[in-house]
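Notes follow once the structure below has been shown.
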Amino acid sequence: MASSAQSGGSSGGPAVPTVQRGIVKMVLSGCAIIVRGQPRGGPPPERQINLSNIRAGNLARRAAATQPEAKDTPDEPWAFPAREFLRKKLIGKEVCFTIENKTPQGREYGMIYLGKDTNGENIAESLVAEGLATRREGIRANNPEQNRLSECEEQAKAAKKGMWSEGNGSHTIRDLKYTIENPRHFVDSHHQKPVNAIIEHVRDGSVVRALLLPDYYLVTVMLSGVKCPTFRREADGSETPEPFAAEAKFFTESRLLQRDVQIILESCHNQNILGTILHPNGNITELLLKEGFARCVDWSIAVYTRGAEKLRAAERFAKERRLRIWRDYVAPTANLDQKDKQFVAKVMQVLNADAIVVKLNSGDYKTIHLSSIRPPRLEGENTQDKNKKLRPLYDIPYMFEAREFLRKKLIGKKVNVTVDYIRPASPATETVPAFSERTCATVTIGGINIAEALVSKGLATVIRYRQDDDQRSSHYDELLAAEARAIKNGKGLHSKKEVPIHRVADISGDTQKAKQFLPFLQRAGRSEAVVEYVFSGSRLKLYLPKETCLITFLLAGIECPRGARNLPGLVQEGEPFSEEATLFTKELVLQREVEVEVESMDKAGNFIGWLHIDGANLSVLLVEHALSKVHFTAERSSYYKSLLSAEEAAKQKKEKVWAHYEEQPVEDVTPVLEEKERSASYKPVFVTEITDDLHFYVQDVETGTQLEKLMENMRNDIASHPPVEGSYAPRRGEFCIAKFVDGEWYRARVEKVESPAKVHVFYIDYGNREILPSTRLGTLPPAFSTRVLPAQATEYAFAFIQVPQDEDARTDAVDSVVRDIQNTQCLLNVEHLSAGCPHVTLQFADSKGDVGLGLVKEGLVMVEVRKEKQFQKVITEYLNAQESAKSARLNLWRYGDFRADDADEFGYSR
């Protein structure tokens, strides 16, 4: 502690007390303070100075916990105002003092002056002059100091200041409250509004004792979200400071002790309150972190009202500069280059629910684990049947939902990857399997943190770490907050409802099951599927969501290079380009939603057919990229032409499987003139409805915009002048407006009136029918009548086919048509007129495939033979297709050719 040189004087006179200087750290009472020196390499020395010749009231004291009989001592009158007078005047200020007397017990008494020398304000005189202290009794006023004290006291008495005022001073006695009965209610009652307070004691850098004003609650406040090094109490009662504990305590003391502050009460922990202390000069919580005196703590950071990210950023600042407690800190990704820490990659596969495989710009593949989350897992040991093989994706509750969430959101998309840490490889133990090295990262897409989204839906949980474990997500607090929301809302894993069960039948390689299942898949036409695994370029494992089953699927019509195989005793090498074909198929379809057409199955129970991804045929794509050749079995397929043209183009490039291709000489062929073709003028239409007798209604695409405009105007008109419910009396054949199940109004025609509650209507622009109560009908406004725009739904029937009379067979055919063309755009050509409605051929808009011919190929309908010459070519094509269906025993032909003897029974004519 700094001290001045001794003042000069006559050699024979009394010694002049040495003037010493210090900074006021704390005011103990109206007549005692603690001063400290300047810090040099650590907390500075301190000493207590008691004011000579005066006495101020004693402050309240709490009874010692070790003395049950003792009682709390209240404030003496005017004791607290005296303390406050000194606190506001001296805390943090430089003072000088002289020591006049020192007791045998070491207590020092002296004079204290505000400022750097004794010319400053005499603190004892100021206290006495304000009536906050009295001269000590029994001291004779025989020197100038005593005389001045006496004068000050007389003036205070005359002015009736402080204790000399009227009354007994009871209003200056605080009603101190040392405990709070219900801390949680106490905290909530303040609604996180700042509370005025005085910091009375600093236990360590992050724990203080505060006096809350104006109600005088004396509470322990722990800083939310952080923890400083502490003082460990030993068995003998002494305290051992952890590294930087004393420095952290001094840092907080020098800024907050006995300062006026505001505290935001945020939560409570036992009897202690968690809060944030605000001082005009800044936020001590963030300052402690930034200076390396504290670390963030997970258990309380969530309650920090000013944003956990601010605390993490302050901690990161100290870590990067290796300040104080972080002097030995090494970042988890310190050994990585910047390009390996942060990069953009394309997601190729989702592994379970916490990892993805991405393709880097270099073309390499990398497995990325989502930081700090744990996927769903089986709870308990006896939940799984010992004899049944565990299929984690389907058997672990919510694993499938988690995988599907990631698959739908990420597959084929580009994501931002920020590596948080590398988890080193760990050997196997008795309870835990071995793990290879893992790259753990935060993955975002469109600004959304995927791990956070997964946790918020209750499809993953957050891993808890030791406080000193820095290997965690850079957005760990957001993950904890998301988990808290999921728990509160009972989402996913935290739901009290029954867990979802996925009963998925695995038909892969089971010939018996496959045989039973084949007709269903053939009848289904195009089925939705998800590619679960790619064995090779043309062999895949599919999940069919509608049928909830797994099948092995082989691509039809192509010959793909075989991959390497492990056979007993030897390893069979793969054919050239087998790996490239596998990689091509993987990148294109793995874990994507596709459509499949099953045509047949092989002896091993594998289904054979066509796979479509985004409208493209995978067999054709493999041939196009010279990774497969066309197989002769494709000749029977409607994709044969596409395959041949793709193969021809690949041959010309002489790449991959065609690298050594030599062109064969082409023989001259004399063209043969064909007979005159039928007239084919296809126009685009939109199929809106298919009836039970296989007729269908279409809208002309060219007038579609007119209908949309009319409907919009009509609905706006109805909205402004709504029909009065029940006012319309329907009559057969009349045009009206009808409210459909979607709540919208459409133009309709009344076909039959059974009763006011049962009116049969036909929607003239869409072709569907419905039975409605008259309350859902209204008069058609003239501005939207059929004169303005004729009815847009036109009825047609398929040409060249016979509709099955058998109800089940007809239903199969109708289902197939509904699935293929309802609510889709097709191409329509009128072939011939008939009594009921025109007979037409329909083509798919994309593939130009004949819909009616497709039904014949599937064995769902029979051909109607017509004699006209112009139709003979198309009739021949239809009959050939019928023969193929008959040979394959598809649907109608499953029992052979029944037409010879029982065609009438089945409702067919030859």
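Note: hydrogens, waters and symmetry copies are ignored here, and every other heavy atom, side chains too, is used.
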task: Please name the pair of heavy atoms, one in Ile875 and one in Arg866, separated by the smallest distance, quoted to 0.1 Å.
output: CD1-N, 4.0 Å

field: Beyond-backbone contact of Leu550 with Ile507, side-chain heavy atoms, under 4.5 angstrom
entry: no

query: Just how far is it from atom CD1 of Ile368 to atom OG1 of Thr442, taken to the nearest 0.5 Å?
result: 10.5 Å

- request: May I ask you to decide if His369's main-chain N or O and Arg438's side chain share a donor-acceptor pair within less than 3.5 Å?
  value: no

- prompt: Any side-chain heavy-atom pair from Asp820 and Ser816 closer than 4.5 angstrom?
  reply: yes

field: Donor-acceptor contact below 3.5 Å, side chain Gln522 vs main chain Glu599
entry: yes

task: Mind telling me whether His612 and Tyr639 have parallel, tilted or perpendicular rings, with 30° and 60° as the class edges?
output: tilted

- prompt: In terms of side-chain heavy atoms, does His695 have a donor or acceptor partner in Glu795 at a distance below 3.5 Å?
  reply: yes

task: To the nearest 0.5 angstrom, please state how far the NZ atom of Lys408 sits from the CZ atom of Arg403.
output: 9.5 Å

task: Give every residue pair that meets the salt bridge (Lys or Arg N to Asp or Glu O under 4.0 Å) criterion with at least one member in residues 842-857, sequence neighbours excluded.
output: none

query: In terms of the angle between their ring planes, are Tyr394 and Phe400 parallel, tilted or perpendicular, with boundaries placed at 30° and 60°?
result: tilted

task: Please answer whether the main-chain N or O of Asp692 pairs with a side-chain N or O of Arg810 as donor and acceptor at a distance below 3.5 Å.
output: yes

query: Side chain of Ser847, backbone of Phe844: donor and acceptor closer than 3.5 Å?
result: no

- request: Begin with the C-alpha distance, continue with both residues' side-chain angles, and end with the deciding distance and a verdict on salt bridge (charged side-chain N to carboxylate O under 4.0 Å, His left out) for Glu559 and Lys629.
  value: CA-CA 5 Å; Glu559 195 179 332; Lys629 296 179 180 180; over 6 Å; no

Under 3.5 Å donor-acceptor, Asp602 side chain and Gly605 backbone: yes

query: Taking the side chain as C-beta and beyond, is there a heavy-atom pair between Val344 and Lys414 under 4.5 Å?
result: yes

field: Considering all heavy atoms, the nearest Leu544-Ala529 contact
entry: CD2-CB, 3.4 Å

message: Can a donor-acceptor pair be found, under 3.5 Å and without considering hydrogens, that links the side chain of Glu575 to the backbone of Arg562?
response: yes

message: Testing the basics here: between Val856 and Gln882, what is the closest heavy-atom pair and its distance to 0.1 Å?
response: CG1-N, 3.5 Å

query: In terms of heavy-atom contacts, does NZ of Lys656 have more than 12 from other residues, nucleotides or ligands at under 6.0 Å?
result: yes

task: Please lay out, stage by stage, how Leu542 and Val530 fare under the test side chain to side chain contact (heavy atoms under 4.5 Å, CB included).
output: CA-CA 6 Å; Leu542 306 180; Val530 175; over 6 Å; no

- request: May I ask you to check whether over 12 heavy atoms, not counting those of Lys346, lie within 6.0 Å of atom NZ?
  value: no

query: So does Asn823 have more than 12 non-hydrogen atoms from other groups sitting under 6.0 Å from CG?
result: yes

message: Could you check whether any side-chain heavy atom of Ile821 comes within less than 4.5 Å of a side-chain heavy atom of Thr824, counting everything from C-beta outward?
response: yes

query: What's the spacing between Arg503 CZ and Cys549 SG if we round to 0.5 Å?
result: 15.5 Å

message: Assess the residue pair Leu860 and Val817 against the criterion (side chain to side chain contact (heavy atoms under 4.5 Å, CB included)); give the C-alpha distance rounded to whole Å, side-chain angles, the decisive distance to 0.1 Å, and a yes or no.
response: CA-CA 10 Å; Leu860 292 167; Val817 174; over 6 Å; no

field: Shortest non-hydrogen contact from Leu555 toward Gly537
entry: CD1-O, 3.7 Å

- request: Let me see the working for Trp610 and Ser637 under side chain to side chain contact (heavy atoms under 4.5 Å, CB included), right down to the final yes or no.
  value: CA-CA 10 Å; Trp610 307 94; Ser637 158; 3.1 Å; yes

task: Can you measure from CD (Glu877) to CG (Leu879) and round to the nearest 0.5 angstrom?
output: 10.5 Å

message: If you apply the rule side chain to side chain donor-acceptor pair (under 3.5 Å), what do you find for Thr703 with Gln792, and how did you get there?
response: CA-CA 8 Å; Thr703 58; Gln792 291 298 291; 2.7 Å; yes

field: Derivation of the salt bridge (charged side-chain N to carboxylate O under 4.0 Å, His left out) call for Lys359 and Glu587
entry: CA-CA 9 Å; Lys359 187 180 182 182; Glu587 290 195 358; 3.0 Å; yes

field: Inter-residue atom distance Glu647.CD - Ser642.OG, 0.5 Å rounding
entry: 12.5 Å

message: Let me confirm one number: the CD-CD1 distance from Glu864 to Ile801, rounded to the nearest 0.5 Å.
response: 9.0 Å

field: More than 12 heavy atoms of other groups within 6.0 Å of Glu595 CD
entry: yes

- prompt: Side-chain contact, heavy-atom cut-off 4.5 Å: Ile450 with Lys409?
  reply: yes

- prompt: In this structure, are over 12 heavy atoms from other groups packed under 6.0 Å from Tyr365 atom OH?
  reply: yes

message: Under a 3.5 Å distance rule, please check whether Thr585 uses its side chain to pair with a backbone N or O of Thr582 as donor and acceptor.
response: no

field: Side chains of Trp893 and Met862 in contact at under 4.5 Å (non-hydrogen atoms)
entry: yes

message: Check the orientation of Tyr796 and Phe696. Use parallel for under 30°, tilted for 30 to 60°, and perpendicular for over 60°.
response: tilted

field: Asp395 side chain vs Arg391 backbone, donor-acceptor pair below 3.5 Å
entry: yes

- prompt: Tyr878 vs Phe800 aromatic rings, parallel, tilted or perpendicular, using cut-offs 30° and 60°?
  reply: perpendicular

query: Side chains of Glu401 and His502: is there a donor and an acceptor less than 3.5 Å apart?
result: yes

query: Are Tyr697 and Tyr766 close enough that their ring centres sit under 6.0 Å apart?
result: no

field: side chain to side chain contact (heavy atoms under 4.5 Å, CB included) assessment of Val347 paired with Lys413
entry: CA-CA 6 Å; Val347 179; Lys413 307 277 179 62; 5.6 Å; no

message: Test side chain to side chain donor-acceptor pair (under 3.5 Å) on His832 and Gln870; report intermediate values, then the result.
response: CA-CA 11 Å; His832 60 87; Gln870 68 267 32; over 6 Å; no

message: Checking the side chain of Ser538 only, and the main-chain atoms of Leu554 only, is there a donor and an acceptor separated by less than 3.5 Å?
response: no

query: Is a side-chain donor or acceptor of Gln699 paired with a backbone partner of Asp765 at a separation under 3.5 angstrom?
result: yes

- request: For the pair Glu712 and Lys709, evaluate salt bridge (charged side-chain N to carboxylate O under 4.0 Å, His left out) and give the outcome as yes or no after the intermediate values.
  value: CA-CA 5 Å; Glu712 186 182 347; Lys709 193 172 180 182; over 6 Å; no

message: Taking Lys541 first and then Asp506, would you say they form a salt bridge - that is, a charged N and a carboxylate O separated by under 4.0 Å?
response: yes

message: Counting only heavy atoms from other residues, nucleotides and ligands, does the tally under 6.0 Å from CD of Glu528 exceed 12?
response: no

Shortest non-hydrogen contact between Val863 and Gln802, atoms and distance: O-NE2, 3.1 Å

- prompt: Closest heavy-atom contact between Ser681 and Asn829?
  reply: N-OD1, 2.8 Å

message: Quick one, Phe798 and Leu842 - any side-chain contact, counting heavy atoms below 4.5 Å?
response: yes

